[in-house]
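What follows is a short report on a single structure.
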Amino acid sequence: DHTCAEIDNDVGPFHQTIVAIKYSLERSTRAEKIWPYNLWGLVHMVKDEYGLAIEKFKLALAIDPKFEIALHDWGIALAEQGRYREAIDKYQEAVAAGGDDVPGIYNGWAVALHELGYSKEAESTFRMVIEMDPTYADAYHKLGKLYESLGQTREANDLFKQAIKLDPTGEGFKWDLERTEAILN
């Protein structure tokens, strides 16, 4: 099977992860295989191999078409490639499938809307995420980036402060705050 051949040929930094995935696939029931396939897709995403990632998400979804996590991750892979309209389609499918990370799905959806130039729709979607989960730091950060792109530096700065308050280790939060504070001062 080509999946095992791919594992055997991977000698990079994720070799042990791929070996563990192979082990899991060999011993899992069909229904349980959605998790290792999805993990394998995430490994490909970290390696910027989005087409291969999507193939793995499709394998998980062939087992359970309503597996919200794989739908969401597929949307992320599409967005990483700049395929925002297709990403939104996957986010819509993920929301329809239900699951626990609805705020995260809508957050990605809002980012895609912003990238497509739909600022008002993106803003309202970020606001919806914050209403669903007031502790979702990345929604504040991404809304701040939207405001900054619209020239609303003070509002962006305030949102970056809120994001840092909620998650002091958030990726890029402090850098964005420092940049907007430099502009404001």
Side-chain angles (χ1 to χ4, degrees), residues 12-14 16-18 20-21 35-36 38-50 53 56-57 67-84 87-88 90-92 94-95 97-185:
F14 294 99
Q16 291 300 321
T17 304
I18 300 298
I21 290 169
W35 293 104
N38 199 75
L39 175 59
W40 200 347
L42 293 174
V43 168
H44 283 302
M45 281 199 351
V46 169
K47 295 164 61 176
D48 296 332
E49 299 169 345
Y50 302 112
K56 300 308 181 227
F57 301 141
F67 186 41
E68 164 255 333
I69 295 167
L71 290 164
H72 183 193
D73 291 340
W74 187 347
I76 293 169
L78 291 166
E80 287 293 325
Q81 297 174 79
R83 297 164 59 187
Y84 300 111
I88 290 170
K90 285 299 160 202
Y91 295 144
Q92 288 173 330
V95 167
D100 296 328
D101 191 27
V102 173
I105 297 166
Y106 277 116
N107 199 58
W109 191 335
V111 169
L113 286 167
H114 179 231
E115 291 294 333
L116 290 169
Y118 298 107
S119 299
K120 291 289 183 198
E121 294 86 347
E123 178 185 12
S124 66
T125 305
F126 283 127
R127 293 275 176 212
M128 183 177 64
V129 171
I130 291 167
E131 188 175 309
M132 281 191 267
D133 183 355
T135 66
Y136 203 97
D138 194 54
Y140 292 93
H141 179 246
K142 294 293 192 306
L143 180 57
K145 293 195 67 85
L146 181 146
Y147 282 154
E148 186 178 15
S149 75
L150 297 173
Q152 297 173 295
T153 308
R154 170 64 54 208
E155 293 84 351
N157 182 266
D158 292 343
L159 287 161
F160 295 150
K161 286 178 186 174
Q162 183 63 28
I164 289 170
K165 181 179 174 186
L166 293 167
D167 181 4
T169 63
E171 186 177 328
F173 294 6
K174 287 183 182 175
W175 189 86
D176 288 333
L177 177 65
E178 289 169 3
R179 185 185 62 256
T180 54
E181 285 187 345
I183 292 168
L184 293 170
N185 293 327

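Because the structure is predicted, anything quoted here is derived from the model rather than measured.
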Which atom pair, heavy atoms only, marks the closest approach of [X] to [Y]?
{"X": "Ala122", "Y": "Ala110", "result": "CB-O, 3.4 Å"}
{"X": "Val46", "Y": "Phe14", "result": "CG1-CZ, 3.4 Å"}
{"X": "Ala139", "Y": "Asn107", "result": "CA-OD1, 3.2 Å"}
{"X": "Ala87", "Y": "Gly75", "result": "CB-O, 3.3 Å"}

Out of the candidates Asp101, Val102, Asn38, Val95, only one should pair with His72 under the side-chain contact (heavy atoms from CB on, under 4.5 Å) rule; please name it.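 Single side-chain contact (heavy atoms from CB on, under 4.5 Å) partner of His72 among Asp101, Val102, Asn38, Val95: Asp101.
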Assess whether side-chain contact (heavy atoms from CB on, under 4.5 Å) is satisfied between Ile130 and Tyr136, documenting all intermediate values. CA-CA 6 Å; Ile130 291 167; Tyr136 203 97; 5.9 Å; no
Under 3.5 Å side-chain donor-acceptor pair for Asp138 and Tyr140: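 On atom types as modelled, these side chains do not qualify, holding no pair under 3.5 Å.
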Please determine whether side-chain contact (heavy atoms from CB on, under 4.5 Å) holds for the pair Met45 and Phe57, giving the CA-CA distance in whole Å, both sets of side-chain angles, and the decisive distance to 0.1 Å. CA-CA 11 Å; Met45 281 199 351; Phe57 301 141; 3.9 Å; yes
Say you draw a straight line from CD of Glu148 to CZ of Arg179; how long is it, rounded to the nearest 0.5 Å? 4.0 Å
CD-CG distance between Glu181 and Asn157, expressed to the nearest 0.5 angstrom: 5.0 Å
Do Phe160 and His141 have their ring centres less than 6.0 Å from each other? yes
Are the side chain of Gln81 and the backbone of Ala77 linked by a donor-acceptor contact shorter than 3.5 Å?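 Yes: the side chain of Gln81 pairs with the backbone of Ala77.
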